[in-house]
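Every chain is numbered from 1 and lettered A, B, ... according to where its sequence line falls, protein lines coming before strand lines. All figures in this text were calculated on a predicted structure; none of them were measured in a lab. These values consider heavy atoms only, across backbone and side chains, with no hydrogens, waters or symmetry-generated copies.
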Number of protein chains: 2
Amino acid sequence: MSIIGETCYHRAMASKTRLPGRDALRDSVLGGDLVFLLARANALTLAAANAALAEHGLKARSYSVLALAADGARPTQRELAEFLRLDPSQVVALVDGLEQRQLVERRTDPADRRANVLVATDAGRDLFARAQQAARAVERGLLAPVTPEEHERLAGLLRLLAFPD
Amino acid sequence: MSIIGETCYHRAMASKTRLPGRDALRDSVLGGDLVFLLARANALTLAAANAALAEHGLKARSYSVLALAADGARPTQRELAEFLRLDPSQVVALVDGLEQRQLVERRTDPADRRANVLVATDAGRDLFARAQQAARAVERGLLAPVTPEEHERLAGLLRLLAFPD
DNA sequence: ATGGACCATTGAAAATGTCAATCATTGGTG
DNA sequence: CACCAATGATTGACATTTTCAATGGTCCAT
């Protein structure tokens with residue numbers, strides 16, 4: 001859930017809607033509201049990412065889980081939940097989906113037999129590699145109007161917000 | 001909907017969880033993924049904003065609608081939907097809620113009698129003023145580790161992502 | 001005047017988010 | 001060692017959000 005949805009409403013609205021209204025809103029109080037800008041930027045980028053990942057049968061979420069499994073961090077589901085800020089029960093469902101497609105495996109953590117550690121299968125790493133291409137292409141597209149230095153700065157600032165310690 | 005939820009899982013997790021795992025994840029592929037960082041930053045800031053707005057009986061969404069009504073932009077519901085990226089039917093519910101609390105009024109747009117224009121009541125402007133205080137305090141808190149110039153840069157970059165033209 | 005597009009609204013179905021309860025396991029303490 | 005409170009995963013129930021198609025009123029270009 002976000003302020004803001006990925007909502008389409010792309011249906012009828014593509015046309016020559018009265019633009020002045022939109023621009024007026026853009027200059028309103030919310031235009032300087034960080035929470036709002038973050039929410040809207042998130043909604044748009046997420047929608048773009050999901051669209052690109054769809055052809056690989058993934059969404060941003062499953063892609064994230066697969067990514068973490070694929071680079072050998074061997075996260076437990078508990079760690080995934082915290083990192084992705086999902087309820088553990090949502091992680092169960094997500095992992096179920098990936099496991100059924102044989103992209104990841106649950107291995108019980110030898111250090112703590114309550115926990116499952118996630119590892120990607122060969123097929124999983126494969127799919128991830130391809131999906132990552134798509135994801136990167138999207139990111140490049142989104143960041144087209146931004147110089148590489150600005151890109152790095154943006155990432156750094158977002159990290160501060162995303163991981164306040 | 002976001003990659004990432006506002007999810008709590010604050011229940012048991014406050015304690016001395018094995019931190020190494022989390023840090024490993026942070027340095028994984030996703031750590032450089034803009035879409036992910038945006039989603040996580042959004043989840044956290046949104047949760048903080050919602051918590052702060054709760055005492056005024058608002059959430060980030062209703063606050064946003066109230067904000068736009070309150071500063072006299074006279075948006076139609078259609079414009080709200082596009083700006084907030086919500087389905088028009090969600091805007092209906094949102095406005096219903098605010099109107100029942102007498103914070104906003106629907107006025108049929110004299111220029112187009114199909115459309116409703118939203119205006120805040122005195123009570124609505126009042127509540128907004130107070131809620132805005134809370135919202136700004138949250139934002140200050142979130143941006144504590146960031147200099148004012150960086151703050152501006154961040155807002156500028158986010159605007160590029162939030163309003164690609 | 002007519003027809004096609006558009007706004008707001010409704011209602012239903014799918015997807016998500018939230019939460020409490022359960023089982024197996026852990027780790028610390030008496 | 002035996003116990004017990006705390007933790008990881010899982011399930012199922014329930015609430016909220018999202019998505020979408022259908023409808024009635026209005027606009028506008030022909």
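Under the rule for a side-chain hydrogen bond (donor to acceptor under 3.5 Å, both in side chains), A/Gln102 has no partner lying at least two apart in sequence or in another chain. In this structure A/Glu99 satisfies the side chain to side chain contact (heavy atoms under 4.5 Å, CB included) test together with A/Val104, A/Arg106, sequence neighbours excluded. Contacts of A/Asp33 classified as side-chain hydrogen bond (donor to acceptor under 3.5 Å, both in side chains), with partners at least two apart in sequence or in another chain: none.
One can place CG of B/Leu46 at 12 Å from P of C/dG17, the figure rounded to the nearest angstrom. Note: CG (B/Leu84) to P (D/dT17) measures 14 Å, nearest angstrom. B/Gln90 places its CD atom 13 Å from the C1' atom of C/dA14, with the value rounded to the nearest Å. C/dT18 atom P lies 10 Å from atom CG of B/Asn50, rounded to whole Å. In this entry the distance linking CG of A/Leu86 with P of C/dC19 reads 14 Å, nearest Å. Rounded to whole Å, the distance from CG on A/Asp87 to P on D/dA15 is 16 Å. Taking atom CD on A/Gln77 and atom P on D/dT11, their separation rounds to 10 Å, with Å as the unit. The nearest whole Å value for the distance from the CD atom in B/Glu82 to the P atom in C/dA8 is 12 Å.
Within the 4.5 Å cutoff, no side-chain heavy atoms of B/Val117 are placed close to those of B/Gln77.
Contact annotation: B/Arg107 does not reach the phosphate of C/dA8 (side-chain N/O to OP1 or OP2, under 4.0 Å). For C/dT9, one of the phosphate oxygens OP1 or OP2 lies less than 4.0 angstrom from a side-chain nitrogen or oxygen of B/Arg106. Between B/Arg61 and D/dT18 there is a side-chain N or O to OP1 or OP2 distance below 4.0 Å.
Comparing B/Ser89 and A/Asn116 by the nucleotide of DNA chain D that holds the closest heavy atom to each, the one mapping nearer the 5' end is A/Asn116.
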Could you walk me through whether A/Phe36 and B/Tyr63 pass ring pair (Phe, Tyr, Trp, His ring centres under 6.0 Å), step by step?
CA-CA 10 Å; A/Phe36 168 73; B/Tyr63 172 79; over 10 Å; no

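Residue A/Lys59 has its side chain nearest to C/dA15 when only D/dA9, C/dA8, C/dA15 are considered.
For the side chain to side chain contact (heavy atoms under 4.5 Å, CB included) test with A/Asp71, the passing option among B/Leu30, B/Asp27, B/Leu25, B/Val29 is B/Val29; the others fail.
Axis angle across the helix from C/dA1-D/dT30 to C/dG30-D/dC1, with five pairs used at each end and values rounded to 10°: 20°.
Within the structure, the side chain to side chain donor-acceptor pair (under 3.5 Å) test picks out the following pairs touching residues 120-132 of chain B (sequence neighbours left out): B/Asp122-B/Arg125.
Salt bridge B/Arg159/B/Asp165: absent, no basic N to carboxylate O contact under 4.0 Å. Ionic pairing of A/Arg153 and A/Glu149 is not present here: no N-O contact between side-chain nitrogen and carboxylate oxygen is shorter than 4.0 angstrom.
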Which pairs, protein N/O on one side and nucleotides 23-26 of chain C N/O on the other, fall under 3.5 Å?
unit_1: C/dT25; atom_1: O2; unit_2: A/Arg114; atom_2: NH1; d: 3.4
unit_1: C/dT26; atom_1: OP1; unit_2: A/Arg113; atom_2: N; d: 2.9
unit_1: C/dT26; atom_1: OP1; unit_2: A/Arg113; atom_2: NH1; d: 3.4
unit_1: C/dT26; atom_1: OP2; unit_2: A/Arg113; atom_2: NH1; d: 3.4

